[in-house]
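For reference, the structure discussed in these notes is given below.
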Amino acid sequence: MNVFNQFREKIQAALEDLARRQGWPDGLPFDRVTVEPPRDLSHGDISTNAAMLLAKPVGTNPRAIAAPLAEALARLPEVESAEVAGPGFINLRLAASVWLAEVAAILSEGTAYGSSTTGEGRRVNVEYVSANPTGPLHAAHARGAVFGDALAALLKKAGFTVTREYYINDAGAQVETLARSTHLRYREALGEDIGAIPEGHYPGEYLKDVGQAIAESDGDRWVGKPESEWLEVFRARAVELMMTEVKRDLLAMGIQFDTFSSERALVEAGAVQRAFDTLDGRGLVYTGVLEPPKGKTPDDWEPRPQLLFKASEFGDDVDRPLKKSDGSWTYFANDIAYHLDKFLRGSPELIDVLGADHGGYVKRMKAAVTAISGGEGSLDVKLCQLVHLFDGGKPVRMSKRAGTFVTLRDVIDSVGSDSVRFIMLTRRNDQTLEFDYQKVQEQSRDNPVFYVQYAHARATSVIRHAGEALPGHDLSDAALAKVSLGSLTDPDELGLIRLLAGWPRLVESAADAHEPHRVAFYLGEVAAAFHSLWNKGKDEAHLRFILPDDTATTLARMALVRATATVIASGLGVMGVQPVEELRE
RNA sequence: GUCCUCGUAGCUCAGUUGGAUAGAGCGACGGUUUCCUAAACCGUAGGUCGCAGGUUCGAGUCCUGCCGGGGACGCCA
């Protein structure tokens, strides 16, 4: 149970009661009242801005609302004190039993603790990775992959019904280049000397395997034949084999998709035409001539009538072309069809996770989603900034042309999936991120993966020791959930408990904001509070977790220790990271 | 030229969708170990939240305009 939501209801009830008795006007914005922990813990456990928010619409001053409201709240059995402070905040101090009950709740719910129903089962489609099937995933893809996957997990925990989706761009010129490059490697596999890979082809060594595979299965039947005969075959085979590779690499990071959508399949099924007809039917398509882009006019620019979508009616800067001059659909047109497809498959809420270089694309796609769904659908685009790779502080140089780019597989193989996943979430998605091979493997405070894992391992270790110190006692979560927790009275113990009790609230707000990185920062806080408490036992022996002469207190503390480990495990679960039991080598 | 995005301590970054005296880590300085994992912890110093206006009870957060970094800009995907 989310303590803050629980009190939101109580506060709203008190407000409604007050409104009745004092004859306040109808339609007051009670739903905008915040119920949150104050920044400064000395202000109490829960703070609400109700009085300040309502003063104006009620037509009085904040204090005139705060005083009777505080009085009413103070009468609640769970509330120890209610004070009016500052410009009109009401600070509540809750009975310790409220917090202690959360410890028991964590132990009985396990890592499911923090799950919420705010999503109300609403369907969300999260599209991420969606790398072109023209080569293996490289390190830069890791960020979007981890971000999207964690966001999907977070939304699921917050009660949404989530579809994880990958869009295969298998329809454009790039996959034809892939097919031609593969054909070269195929000839090479059959013993031909192909020399240097010509300009306009993908030089990567990874295509040798694909060429080899086709040589083995098909023999020399595609040698010396015109391109028109083999292009389709090579395209399809190469894409298929590349996607197999991509899926395998993603699986190595624990990432699995519910749906893979093929751009080509959509086009062939006539989905683009249908999307176009939908827009056309709403009068949102016309033939017109675009102005050349200011400041950077292409050399070969010439004004040309084109089929345009009225994106500017939905917040975009200009209208956008749907057809190329050769009459084929633009990528944008295909993408509109794809988003309509996602919408029609039952997800009104769409999320695209893209690289930051797609920033210029956001407005038009949002406009398109609004237009094509008749305002029923919404799109949020999360742009992931670059990842800079370092090795012991030295930048790792990458060049696609020189073929020296680092693959996702390289990174996973050298530092492990868990480290990659955690580090990728230690920055907001729109900030550039530094990833240092050495640092993520360090066992120091400097390495957030280690720091959080250490807290979990330390908790496990303490429980193990307690088992030796208190033989014959049941230290299972089920047993600890029933233990009397009255001896948890130290301010730092209660502080840790309050932090743990904030997990459900964090899940809700992070899911709402589509910001999974908050989980990583939160776990850092939990770990810090736990390490701090552990060390406090060094200075003050009575605060040690295990007190051989005081079984009752030890059991209560074991409950807290297990609750801490459980919340950490719950958070790591959202991040897709495995909690470790032991760090000793 | 237009649009997007970022700008917070010496460095790297958070900041609870507008709340109270802006927080962490690193680095610096000073402490803590016969004891549950010192792979850690505690304390001190460090700020014109890029600049200037505006909105309101209240702005790091929202609006406008500048400055600076990054990105995008018709038939690439």
Side-chain angles (χ1 to χ4, degrees), chain A residues 4 34 36-40 43 47 49 52-53 55-56 61-62 85-89 91 130 132 134 169 171-175 263 289-296 298 300-304 306 308 316-318 320-321 323-328 330-332 334-335 355-363 383 385-386 426-428 430-432 434 442-448 450-451 454-455 457-458 461-466 468-469 502 505-506 509-510 512-513 515 517-518 521-522 524-525 528 531-539 541 544-547 554 557 561 582-585:
Chain A
F4 299 95
T34 60
E36 53 191 16
R39 278 184 180 168
D40 188 339
H43 288 137
S47 168
N49 66 353
M52 291 177 293
L53 199 76
K56 192 173 233 185
N61 63 69
F89 289 100
N91 295 324
S130 296
N132 287 336
T134 54
N169 296 130
Q174 290 185 8
V175 285
E263 180 184 6
V289 179
L290 285 177
E291 295 287 313
K294 297 275 193 312
K296 189 198 160 194
D300 57 346
W301 176 271
E302 46 182 288
R304 199 172 266 157
Q306 283 176 298
L308 300 171
D316 201 358
D317 310 305
V318 293
R320 304 289 179 176
K323 277 193 175 178
K324 305 177 192 173
S325 55
D326 66 0
S328 64
T330 58
Y331 178 82
F332 180 50
N334 288 358
D335 220 8
D357 54 340
H358 289 70
Y361 195 66
V362 175
K363 275 191 180 182
L383 300 177
Q385 265 293 357
L386 299 175
T426 54
R427 289 284 180 276
R428 279 173 44 175
D430 47 15
Q431 290 275 6
T432 57
E434 289 185 10
E442 254 171 42
Q443 300 206 332
S444 76
R445 179 71 181 91
D446 221 10
N447 177 5
F450 160 77
Y451 189 70
Y454 181 33
R458 179 172 258 177
S461 163
V462 170
I463 296 290
R464 198 166 47 234
H465 280 272
E468 291 159 13
R505 179 181 146 80
L506 187 112
S509 58
D512 198 42
E515 291 187 349
H517 74 275
R518 293 189 192 187
F521 284 94
Y522 169 75
E525 277 181 56
H531 287 310
S532 175
L533 195 55
W534 192 93
N535 275 276
K536 215 174 164 188
K538 290 185 170 300
D539 295 333
R544 292 165 62 91
F545 292 148
I546 299 169
L547 301 174
T554 301
R557 289 182 179 162
V561 168
E582 204 173 0
L583 289 167
R584 219 191 281 280
E585 282 149 29

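Letters A, B, ... are given to chains in the order of the sequence lines, protein chains preceding strands, and every chain is numbered from 1. Just so we're clear, the structure is a prediction, and the values are computed from it rather than from any experiment.
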Taking His531(A) for its side chain and Tyr451(A) for its backbone only, find out whether a donor-acceptor pair lies under 3.5 Å. yes

Distance between C1' atoms of A22(B) and U48(B) (Å, rounded): 13 Å

Run the side chain to side chain contact (heavy atoms under 4.5 Å, CB included) check on Phe89(A) and His43(A) step by step: do they pass? CA-CA 10 Å; Phe89(A) 289 100; His43(A) 288 137; over 6 Å; no

Contact class for Asp446(A) vs. all strands (heavy atom < 4.0 Å): base, sugar-phosphate, or nothing? sugar-phosphate

Rounding to the closest angstrom, what is the interatomic distance between U16(B) and G23(B) at atom C1'? 12 Å

Show your working on side chain to side chain contact (heavy atoms under 4.5 Å, CB included) between Lys536(A) and Ser532(A) and close with a plain yes or no. CA-CA 6 Å; Lys536(A) 215 174 164 188; Ser532(A) 175; 5.8 Å; no

Let me check I have this right: for RNA chain B, each base becomes ., (, ), [, ] or |, based on Watson-Crick or G-U pairs with both distances under 3.5 Å. What is the full string? (((((((..((((.....[...)))).(((((.......))))).....(((((..]....))))))))))))....

At under 4.0 Å between heavy atoms, what does Glu525(A) touch on the DNA or RNA strands: base, sugar-phosphate, or nothing? nothing

Between the side chains of Asp326(A) and Ser328(A), does any donor sit under 3.5 Å from an acceptor? yes

His43(A) ring over A20(B) six-membered base ring, under 5.5 Å and 30°: yes

Selected nucleotide, minimal atom distance to Thr432(A) side chain, candidates A20(B), A40(B), C13(B): C13(B)

How far does the C1' atom of A9(B) sit from the matching atom of A14(B), given to the nearest Å? 13 Å

Using a cut-off of 4.0 Å on non-hydrogen atoms, how would the nucleic acid contact of Lys363(A) be classed: base, sugar-phosphate, or nothing? sugar-phosphate

Please report the shortest heavy-atom distance between Leu506(A) and Arg518(A), naming the atom on each side. CD2-O, 3.9 Å

How is Asn447(A) classified with respect to the nucleic acid when contacts are heavy atoms under 4.0 Å: base, sugar-phosphate, or nothing? nothing

Is Ala173(A) touching bases, backbone alone, or none of the nucleic acid, heavy atoms closer than 4.0 Å? sugar-phosphate

Under 4.0 Å between any heavy atoms, over every strand shown, what does His517(A) touch: base, sugar-phosphate, or nothing? Just pick one. sugar-phosphate

Taking the P atom in each of C41(B) and G25(B), what is the distance between them to the nearest angstrom? 8 Å

Parallel, tilted or perpendicular for Phe450(A) and Tyr454(A), by the 30°/60° rule? parallel

Using a cut-off of 4.0 Å on non-hydrogen atoms, how would the nucleic acid contact of Ala513(A) be classed: base, sugar-phosphate, or nothing? base

List the atom of Thr134(A), the atom of Gln174(A), and the distance in Å for their closest heavy-atom pair. CG2-O, 3.8 Å

Has Phe89(A) got its ring stacked on the base of G19(B), with centres under 5.5 Å and planes less than 30° apart? no

What contact category does Glu291(A) fall into here, base, sugar-phosphate, or nothing, at under 4.0 angstrom with non-hydrogen atoms? nothing

So, the side chain of Thr554(A) versus the backbone of Leu547(A): is there a donor-acceptor pair under 3.5 Å, distance only? yes

Nearest to side-chain heavy atoms of Asp430(A), which nucleotide of U16(B), C6(B), C41(B): C6(B)

Shortest non-hydrogen separation from Pro321(A) to Leu290(A) and the atoms involved: CD-CD1, 3.9 Å

Pairwise P distance for C67(B) and G27(B), with rounding to whole Å: 39 Å

Nearest nucleotide by nearest heavy atom, which residue falls closer to the 5' end of RNA chain B, Leu383(A) or Ser47(A)? Leu383(A)

Gln431(A) has a side chain; which of U17(B), C6(B), A38(B) sits nearest to it? C6(B)

Minimum-distance pair of heavy atoms, taken over all atoms of Arg544(A) and Arg557(A): O-NH1, 2.7 Å

A cation-pi test, strictly: NZ or CZ of Arg505(A) under 6.0 Å from the centre of the six-membered ring of Phe4(A) and no more than 45 degrees from its axis. Yes or no? yes

About how many Å separate CG of Leu386(A) and CD of Gln431(A), when rounded to the nearest 0.5 Å? 12.0 Å

Any idea which of C36(B), A40(B), A20(B) is nearest the Tyr451(A) side chain? A40(B)

Can you tell me how far C1' in U34(B) sits from the matching atom in G19(B), rounded to whole Å? 50 Å

So what does Phe521(A) touch, heavy atoms closer than 4.0 Å: a base, only the sugar-phosphate, or nothing? sugar-phosphate

Check every strand shown and say whether Ser509(A) touches a base, only sugar-phosphate, or nothing at a heavy-atom separation below 4.0 Å. nothing

Stepwise, does the side chain to side chain contact (heavy atoms under 4.5 Å, CB included) test hold for Asn132(A) with Asn169(A)? CA-CA 6 Å; Asn132(A) 287 336; Asn169(A) 296 130; 3.1 Å; yes

With nearest nucleotide decided by heavy atoms, which residue, Phe545(A) or Tyr361(A), maps closer to the 5′ end of RNA chain B? Phe545(A)

Which one, C36(B), G19(B), C6(B), comes nearest to the side chain of Asn49(A)? G19(B)

Quantified in whole Å, what is the C1' atom distance between nucleotide U61(B) and nucleotide U8(B)? 12 Å

Give Arg304(A) one of three labels, base, sugar-phosphate or nothing, depending on what nucleic acid heavy atoms sit under 4.0 Å from its own. base

Pick base, sugar-phosphate or nothing for Ser532(A), based on heavy-atom distances below 4.0 Å to the nucleic acid. sugar-phosphate

Quick check: closest heavy atoms across Ala356(A) and Leu383(A), and the distance to 0.1 Å? CA-CB, 4.1 Å

Asn91(A) side chain: which of U16(B), C36(B), A20(B) is closest? A20(B)

Need one value for Arg320(A): base, sugar-phosphate or nothing, where a base atom within 4.0 Å counts as base even if backbone is also close, heavy atoms only. nothing

Rounded to whole angstrom, note down the C1' distance from U32(B) over to G15(B). 31 Å

Letter per nucleotide, 5' to 3', of nucleotides 55-62 of chain B [B base touched, S only sugar-phosphate touched, - untouched; heavy atoms, 4.0 Å]: -SS--B--

Report, one pair per line, the protein and nucleotides 31-35 of chain B atoms (nitrogen or oxygen only) whose separation is under 3.5 Å.
| unit_1 | atom_1 | unit_2 | atom_2 | d |
| --- | --- | --- | --- | --- |
| C35(B) | O2' | Arg544(A) | NH1 | 2.3 |
| C35(B) | O2' | Arg544(A) | NH2 | 2.2 |
| C35(B) | O2 | Arg544(A) | NH1 | 2.9 |

